[in-house]
Amino acid sequence: MNAIHHETDLLKLYEQLLLIRAYENAIVNGSAAGRMPGTCTSVGQEAAAVGAINALRAEDLILTNHRSAGHLLARGADPGRMLAEVMGRRDGYCKGRSGSLHISVKALGVVLTTTIVGGELSLAPGVALAQRMHNRPGIVACFFGDGAACEGSFHESLNLAALWNLPVLYICENNQWQAFVHRREAMSREQVTDWGAGYGIPVSSVDGNDVGAVLDATRQAAAQVRESGRPALLEVLTYRTRGHLEPDDQGYVDKAELAAWLARDPIALCRDRLLAKGRITDSEAAALAARVDARIAAAVAFAEASPYPSVEELTLDVYA
Amino acid sequence: MNAIHHETDLLKLYEQLLLIRAYENAIVNGSAAGRMPGTCTSVGQEAAAVGAINALRAEDLILTNHRSAGHLLARGADPGRMLAEVMGRRDGYCKGRSGSLHISVKALGVVLTTTIVGGELSLAPGVALAQRMHNRPGIVACFFGDGAACEGSFHESLNLAALWNLPVLYICENNQWQAFVHRREAMSREQVTDWGAGYGIPVSSVDGNDVGAVLDATRQAAAQVRESGRPALLEVLTYRTRGHLEPDDQGYVDKAELAAWLARDPIALCRDRLLAKGRITDSEAAALAARVDARIAAAVAFAEASPYPSVEELTLDVYA
Amino acid sequence: MPTLTLHDAVGAALAEEMRRDGNVIAFGEGIATKRHELVTEFGALRVRNTPLAEGIIAGTAVGAAAGGLRPVADLLFAPFLCYAMDELVNSAGKLRYMSGGQFSFPLVALAMTGAGWGVGAQHNHNVEAWFVHSPGLKVVMPSTPADAKGLLKAAIRDDNPVVFLLDIGLLYQPGAVPDGELLIPLGQAHTVRHGKDVSLISYGKTVHHCLKAAETLAADGIDAEIVDLRSLKPLDEAAILASARKTGRVVIVHEANRRCGVGAEIAALIAEQAFNSLKAPIRRLGGPDAPVPASYPLEQATVPQADAIATAARALCRQLHA
Amino acid sequence: MPTLTLHDAVGAALAEEMRRDGNVIAFGEGIATKRHELVTEFGALRVRNTPLAEGIIAGTAVGAAAGGLRPVADLLFAPFLCYAMDELVNSAGKLRYMSGGQFSFPLVALAMTGAGWGVGAQHNHNVEAWFVHSPGLKVVMPSTPADAKGLLKAAIRDDNPVVFLLDIGLLYQPGAVPDGELLIPLGQAHTVRHGKDVSLISYGKTVHHCLKAAETLAADGIDAEIVDLRSLKPLDEAAILASARKTGRVVIVHEANRRCGVGAEIAALIAEQAFNSLKAPIRRLGGPDAPVPASYPLEQATVPQADAIATAARALCRQLHA
Ligand SMILES: Cc1ncc(C[n+]2csc(CCOP(=O)(O)OP(=O)(O)O)c2C)c(N)n1
Ligand SMILES: Cc1ncc(C[n+]2csc(CCOP(=O)(O)OP(=O)(O)O)c2C)c(N)n1
Ligand SMILES: [Mg+2]
Ligand SMILES: [Mg+2]
């Protein structure tokens, strides 16, 4: 695991990893019990989200997709309002209209979340163009999957951002799956960086299950974007250890591959490091987990108490 | 100029170059006189078409686009039926419904011509898939421009063809222009091969104004596709020396750039070589040009004599 | 009669047609995973997963169809058809005509549509009218597993490109499907209930809402006729006009946005060709001009329900007696 | 009053709005070349050529609009909008609503449409109805240079995404354009001729065919009213219904495919809300359900001409006297 820069506390990252896992588990359990809709969980990919988001600045803007819980929580979104959104309730970040798949929180700089896979890639250059023309300092971090990288928008977006010198940090979370299709059945190359190299921009990849490594790699790529005003591509190699969308029995998943990645669970890796470094004890870890669980339990309660929007809201906000 | 293989007669290629130029000039003049619609001529790009098409076999299939006169004529299409099509007449290859922009001649293996730039790239893998599943020997040559290479379909097509091992020879005619936009204003890289290299397929480029070089390069790329059953990309570097679509005053074109390319006119280059090698005399060249001109004059007469389709044909052939 | 879900009826149609004709192939984002039994029977070349790229999936279907195959391309959810519009509309729909009839495009583009899953407007957008408006395409949307099977088999055999829409709200509802060869010609509506007072014209899940409404109406002494269009293109104009002329009162019901929806076309047809038989205004019930929200109660509220249909029909019949 | 072509009226609107508001930018495949005077005045950052890629052009407009700019994206010809459907429909049209109102998308997507150039169905396909059917978008199609200028200025100032269609057959026809600030609100039809016997409802080039038809009709003693819709969304329902109620006879005319076209929506509206005023069936004249051929006489035959309009109107008026 790479060096964590002193200003960021690994313990803080660990807590975020735990929070995301607890949040996703609440949905797994809630949906299994029929109390919530299923979602595309980020279980197994927590380090990718936490490492990348923590490398960004408050002024930076984030575009994400259907598998966004990690990005939102790491950015400081309230799990209660997120769960309310998942459940289609009035207190959701999008008034219950988004559901889990397109949660945006403009106040946190999480803008234009889309579940059209590849849509985030189409929108990112324009967001960056507005940043630049308004002389605003933040860069634009665009999170997308290996699946999105197969859409034509990947090519169009990278070409335009490179051509127009737009400050977009493309962060591809390559989790080896595109819904029910393995990356190998969809990509002519092993990695998205193989394609990205053609655009004349800095490309790099990183072990996505090592939160410190992701943090460092993202910092470095973000610094390149900030300094050059040009795009960069970072590929975060990780694995979707639960199914595509809850519930999913993963009957189609190669058991050995799954086992290999489960053995490198990002949360376990981080905890082991904290324990090894003496930054936390077993009992402190347990207490932290309990605190996180309590926070999520409160969030669930908040969301469940939130009412459904009224039918009059059906046609509000369609037009500005 | 590269070596011409003995089985192909440079003189034959030269006659095709002349035929294409004469055909395009007939349209330039006819449209200036208001007797024909304007078209996207291939003036300046004749060697690219003639070299590539002559490297293909009769069993191969060709997909092309709006700037297709060279491909069609080199493949043996009748200029009279082509001109009838340009003029929207009944004897056109497509019964006058296509006009100049989407002339297909299935009997010659020129299939699914489309003027949606990038459309040819979307269609090529499927045509190749059918070839393979039916165990037909021909490969699929897909002609497209540098502009088409900017569409997302470029990425999607190359990825799929590489992934599924489809016998597609992608031939990019990079003529430095995308309608009224220079290649430099549209592409983050100098060449389409810079992008193509990312797909794990053979890529190459060639001087597109040297008909012999194009012939050789296409033969080599086609042989790779034939032997491997996998795609390859060949970029043919050339220049559109007339405007995008007749009439076009080219007021937006850099004069020095245009002059430099005009100085390397593919027809003059070929003629000079024939003269230097003693394969033709000045008077033979003049006689050949006169024969070609007469053939085009007859084609114009044929097309002008062809009636317009009747209005009853408006709704024929919509459904099979 | 065996009972199948619509999802399984689609699987049965695919299997039967693939067995019958070696040119039928199927591909899409996950079809080889989700219908793995087809891979087992027909092999990994005829049933394939694809990259996540609807444009090239549809384009490959178009190219393959022109080359003599009969592809079925699964494009998942209707809003994703946005990425395949060029291939479906500009290529599949136009290149036959524009080439003077040189090519044909026997392909089926499958997509799920409609409410029932609560996942919001980027998965739920009923765009069938776009394809009805586009020349050269056929459009089908069945309301029962049996129709799905019979229509899909006919669509696969059809020499034209067919956009075949599966109402996600009906996908896992079981229904009786006759044994043996079942072929339902495209372009034939099905009068699922005969009646004399009012015509309810619909397709997809709202056919079932019409059936429920008809029961309520019957209790009020109103005898509703229900026409299930099944094919939206070709549209069975004769069946629509016959019913409108018979009852003189028409309620058109679908889930898609009313504005420029298929219901507009039907109302316009009737207002032009059965005008003299009309005894009351033509009513359209459809979705609002708003994206479909994820929130379950709001999503349900976008779909015309039996109550609203019965109310509309009753109002037309009152108008008669006034 | 100065005389401008529609093309130049668009240029004037762009220049005025760019002068007024530094957030207005324009980009597309060749706009900086073809409207180079805008580059000269506003600089190469505000007026840009783009790569040949409609998806990213439209997507960049959507992203930029959310970021506070007011982009005008030139997408050239309507069929190329197929490559921008996701960005326009799924993003621009839906993400405001789906985000609970967090974003707005003040952008204009320009495209040319219609007959007049003889280049076939991949350049000429009138798809305005697709966008009317899609929530969250506005749709405008002017019939004169003055309307083009006033509507485009209003569209640029509108906080919603507007699909702005230019009828290519009108693009180089000159027309009077008032000096000074000209703003025409979206959603207001223009009754270009007042009459009492029959309503001709139209937009784009066929408005001019209606005007010609009205002259013939006047000679026959038939007094036609002509409503030029100008905005297809929002649709001026009040103006449509008022005219239908006034004359009781309606001919709807447009160039797009009749099937599920905007004319269907108007007919359906009238059949529902002005039924009791109708004295005759509602007639729709529109393009055939076929791709538009390149051949000039065939292309012209796809467009409803003045003769056909007058014939249809006459038939409705005869029906009255019968
Ligand atoms: C355009 C489009 N096609 C298909 C889908 C259905 N879908 C949702 S998520 C998904 C997989 C996306 O894969 P990837 O981009 O790798 O992201 P991941 O889910 O692995 O995080 C698919 C196919 C969609 N939402 N949008
Ligand atoms: C999808 C699409 N966008 C735009 C156009 C308009 N258009 C026709 S040809 C052309 C330029 C094409 O450039 P390129 O692919 O390099 O081919 P070239 O014309 O240079 O041969 C453009 C923009 C089109 N026909 N299709
Ligand atoms: Mg993935
Ligand atoms: Mg070019």
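Letters A, B, ... are given to chains in the order of the sequence lines, protein chains preceding strands, and every chain is numbered from 1.
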Under 4.5 Å between any side-chain heavy atoms of B/L163 and C/P51, yes or no?
yes

Flag side-chain contact, heavy atom, 4.5 Å: C/S91 against B/L112:
no

Please classify the contact between B/I103 and chain C as side chain, backbone, both or neither, with a heavy-atom cut-off of under 4.5 Å.
neither

Applying a strict 4.5 Å limit to non-hydrogen atoms, the region of C/F27 in contact with chain B is side chain

Is B/T113 close to chain C through its backbone or its side chain, or both, or neither, when contacts mean heavy atoms under 4.5 Å?
backbone

With a 4.5 angstrom heavy-atom cut-off, is it the side chain or the backbone of C/I57 that approaches chain B, or both, or neither?
neither

B/L101 portion near chain C, given a 4.5 angstrom heavy-atom threshold
neither

May I ask you to test the B/H134-C/L69 pair for a side-chain heavy-atom distance under 4.5 Å?
yes

Can you tell me which portion of B/L316 sits under 4.5 Å from chain C's heavy atoms? Options are side chain, backbone, both or neither.
backbone

Option that, when pairs with chain B are counted at under 4.5 Å, heavy atom only, ranks first among C/D86, C/D159, C/V62:
C/D86

Only pairs of heavy atoms separated by less than 4.5 Å count here; which of B/C94, B/G92, B/A130, B/A128 has the most with chain C?
B/C94

Structural part of C/N23 lying under 4.5 Å from a heavy atom of chain B
side chain

Could you name the residues of residues 55-77 of chain B that have a heavy atom within less than 4.5 Å of a heavy atom in chain C?
none

With chain C, which of B/T315, B/T115, B/V105 has the greatest number of heavy-atom pairs at distances under 4.5 Å?
B/V105

C/L95 versus chain B, the contacting section by heavy-atom distance below 4.5 Å
side chain

What are the two closest non-hydrogen atoms of B/A320 and C/N160, and how far apart are they?
N-OD1, 2.6 Å

Give the minimum heavy-atom separation between C/I56 and B/S122, together with the two atoms involved.
CD1-O, 3.5 Å

Which heavy atom of C/T60 sits nearest a heavy atom of B/W164, and at what distance?
CG2-CZ3, 4.4 Å

Walk me through it: do C/R96 and B/V318 pass the test side chain to side chain contact (heavy atoms under 4.5 Å, CB included)?
CA-CA 7 Å; C/R96 171 177 178 71; B/V318 179; over 6 Å; no

For the OG1 atom of B/T114 and the CE atom of C/M98, what is their distance to the nearest 0.5 Å?
8.0 Å

Heavy-atom donor-acceptor pair, C/Y97 side chain to B/Y319 backbone, under 3.5 Å
no

Selection from C/S104, C/P234, C/S99 maximising heavy-atom pairs under 4.5 Å formed with chain B:
C/S99

Testing the basics here: between C/L45 and B/R132, what is the closest heavy-atom pair and its distance to 0.1 Å?
CD2-NH2, 3.5 Å

Using non-hydrogen atoms and a 4.5 Å limit, figure out which bit of C/A61 sits close to chain B: side chain, backbone, both or neither.
neither

Between B/H102, B/Q131, B/E85, the one whose heavy-atom pairs under 4.5 Å with chain C are most numerous:
B/H102

C/Q102 versus chain B, heavy atoms under 4.5 Å apart: side chain, backbone, both or neither?
both

Among residues 140-162 of chain B, residues within the sub-4.5 Å heavy-atom range of chain C, in order of number, are B/E156, B/S157, B/N159, B/L160

Pair count under 4.5 Å, heavy atoms only, with chain C: among B/E313, B/R136, B/M133, B/R97, highest is B/R97

